[in-house]
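See structure below.
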Amino acid sequence: MEERNTDRINVAEIFGENVFDDRTMQERLPKKIYQKLKETIREGREMDLETADVVAHEMKEWAIEKGATHYTHWFQPLTGVTAEKHDSFISAPQPSGKVLMSFSGKELIKGEPDASSFPSGGLRATFEARGYTTWDCTSPAFVREDASGATLCIPTAFCSYTGEALDQKTPLLRSMEAINQQSLRLLRLFGNTTSRKVTPSVGAEQEYFLIDRENFLARKDLVYTGRTLIGAMPPKGQEMDDHYFGAIRERVAAFMRDVNNELWKLGVTSKTEHNEVAPAQHELAPIYEEANVEVDHNQIIMETLKKVAYRHGLQCLLHEKPFAGVNGSGKHNNWSLVTDDGINLLDPGKTPHDNIQFLLVLCCILKAVDRHAELLRESAADVGNDHRLGANEAPPAIVSIYLGEQLQDVLNQLISTGSATHSIAGSRMDTGVKTLPDFMKDATDRNRTSPFAFTGNKFEFRMVGSEDSIGEPNIVLNTIVAEAFCEVCDELEKAEDFDLAVHDVIKKLAMDHQRIVFNGDGYSDEWVEEAKRRGLTNITNMLDAIPALTSASTIEMYEKFGVFTETELRSRAEIEYEIYAKKLNIEAKTMRDIIRKQVIPAVIGYTTTLATSITAVKAAGVGADVSTQSQMLKEVSQRLSETKDALEALEKVTDEANTHEDQVQRALYFRDHVVPAMANLRTPVDELEMLVDKSAWPMPSYGDMIFEV
Ligand code: ADP
Ligand code: MG
């Protein structure tokens, strides 16, 4: 039993203590330098070397006080995880033999990792291995503590020698600039002259599984691929719904306490935590912040969950579907647009029907999502997410928008009469119990099945996979909405009568894009049919989503707003095909391995036990009945032979897949031949797990893993 940690945590004291944040900079930097840095951050100006030198020096001194010996440019290449290369602060020894700790402005601003091993999708020829990381001063540096000591981490962007983006951050920053400019145009139309900047605010709710580390290590499929490739369902699954919001167990509570502590020190506002639907599944949500910082923080959250789990003898699984038949994990990307003076463009107010600016923003979002639904779907596509989206699980693969009763009603008024005159109000909640206070209900209930839902004053994009970066979905959201804003501004800036024109625009947008709105049950078969009638796409797997990255409308939009060049988009598509084939190759090889080397020998061992028992009983010569043993032996042998056939079939198609030189063909072959072969192999193996003596089965079962944390 672990000892209970009763030390009090003083949140106010530790919050952000390991972050080189505004407070610290103000304290430590000379006033002039601080001002210059703030200008750079605020206005996106280039930084001069002199300023950088002073900032670097102070950053180093601060980091060393925190115990740091090394620094790293911390970046997000297209592998989906963060990358870093550590350098120590030590410079060449003095003649006296003493070493100095140094860190220059140049080292702060620019790093040069050997980039040849990061995916570039043909953007870098192999002889040209240069890649540059450049400091993103809009996301604060931090000191991370782990087993290797403390390291100063500097959030950076990652580009090729010729300036193409090789990461998530660069295009994200570009898309934030696009939405900023277009939102300001829109605000000016409504007479706002005071707001100076509009930033997308993002809060990402993170789901994950927690299992015992010993069980994890005993499952090579989890170790190599992050998910179980075989495994029979336990007698009790999630059908009781007794885990959801259930009391958090002690061991998990101790883990969460540590996670919060670590995150708070790093300035991450971990706010809510609760159990999720599936056993052993949990969720963590921070308080929303600027998109760029939130993307970094979500990476820090994922890293911290893994690191702290390890310390507690646990393993954190971030895969979208670690256990077949059990709820998968996703990420809810909450998104809104907020001005520097605190106005949320997505706040409908109490009476949305007469909030013309809000209605225009809303209708622009309908247009953006309707027009670029496939690109939005693509932004959530990854290998693991194929087991969720379109695979009979939340949310469906069809992109649609949930507005709720109140906004739907306003939209209906707009469409039928051209203007909206009233809004449905929330009513009083009466529990019928005197001692419970009455309160006002929201005007709109929730819908849990929608992939893109309006929730009060933000949209919640729920397709994103648990393991994926939220970078891409936010790049897409920012840019598609910037495009829609841009188009209405082009029209309205020319209008002679603004009030008249804006009404017409809103009505037209509402009419043209109402097909994307759906308030019903997104899990139902009727919706699949209905969506087809409406002409909405239903993309059920990652490979079918990739072409949206390079469609004519995507390229045109991204080039117009300077977010991606066509070359960058083509390289990204190429990388995705490559990643798909690589991950499936690993899955197939792992499955072959564990079945050939672990499952089959174990089953043979068990059949030997059965056969020996039959012979022994018979030899006893008392005429005892051996029909049960014989029957079992027959059944097990039958499945064993099916397993062997299916294994050979999988080996054949995997080898065949790897003969394809062309990445697209290779990926498609994996999807169409290897994935089904893996499913065929799984069936007899899972049946065997139910037949074979538990003590003979060579790895922990689903029950062992998800009920015994
Ligand atoms: P819900 O119950 O709708 O899921 P929560 O209050 O739990 O809402 O918030 C979910 C996430 O959304 C949190 O990370 C929260 O910080 C974030 N969030 C709340 N308001 C906004 C907003 N205006 N813009 C972006 N994210 C937001
Ligand atoms: Mg939510």
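Whatever order the structure lists them in is the order used to number ligands and atoms, beginning at 1.
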Can you sort out which atoms of ligand 1 are near [X], meaning under 4.0 Å from one of its heavy atoms?
X: P286; answer: 13 (C), 14 (O), 15 (C), 16 (O)
X: N344; answer: 23 (N)
X: G203; answer: 14 (O), 26 (N)
X: I287; answer: 16 (O)

Is there any ring-ring contact (aromatic ring centres under 6.0 Å, His included) pair reaching into residues 182-201, and which pairs are they, with sequence neighbours excluded?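 Those involving residues 182-201 are F190-F498.
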Could you go step by step and tell me if W335 and F461 meet the ring pair (Phe, Tyr, Trp, His ring centres under 6.0 Å) rule? CA-CA 8 Å; W335 180 93; F461 182 43; over 10 Å; no
Ignoring hydrogens and angles, state whether a donor on the side chain of R185 or Q182 is under 3.5 Å from an acceptor on the partner side chain.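 Yes.
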Go through the structure and list residues passing salt bridge (charged side-chain N to carboxylate O under 4.0 Å, His left out) with R174, not counting sequence neighbours.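 For R174 the salt bridge (charged side-chain N to carboxylate O under 4.0 Å, His left out) partners, ignoring immediate neighbours, are E568.
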Can you say whether the rings of F459 and F454 are parallel (under 30°), tilted (30 to 60°) or perpendicular (over 60°)?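 Answer is perpendicular, since the angle exceeds 60°.
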Would you call the rings of F158 and F75 parallel, tilted or perpendicular, taking 30° and 60° as the class edges?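 F158 vs F75 ring planes: tilted.
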Answer yes or no: does an N/O atom from A204 fall short of 3.5 Å to an N/O atom of ligand 1?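 N/O-N/O distance below 3.5 Å does not exist for this pair.
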Considering distance alone, does some N or O of N334 sit under 3.5 Å from an N or O of ligand 1?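 In this structure, N334 places an N or O atom under 3.5 Å from an N or O of ligand 1.
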Selection from E205, R462, E460, K458 by shortest heavy-atom distance to atom 8 (O) of ligand 1: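 Considering heavy atoms of E205, R462, E460, K458, the nearest to atom 8 (O) of ligand 1 sits in K458.
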L346, portion touching ligand 1 at heavy-atom distance under 4.0 Å: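 Within the 4.0 Å criterion, L346 makes no contact with ligand 1.
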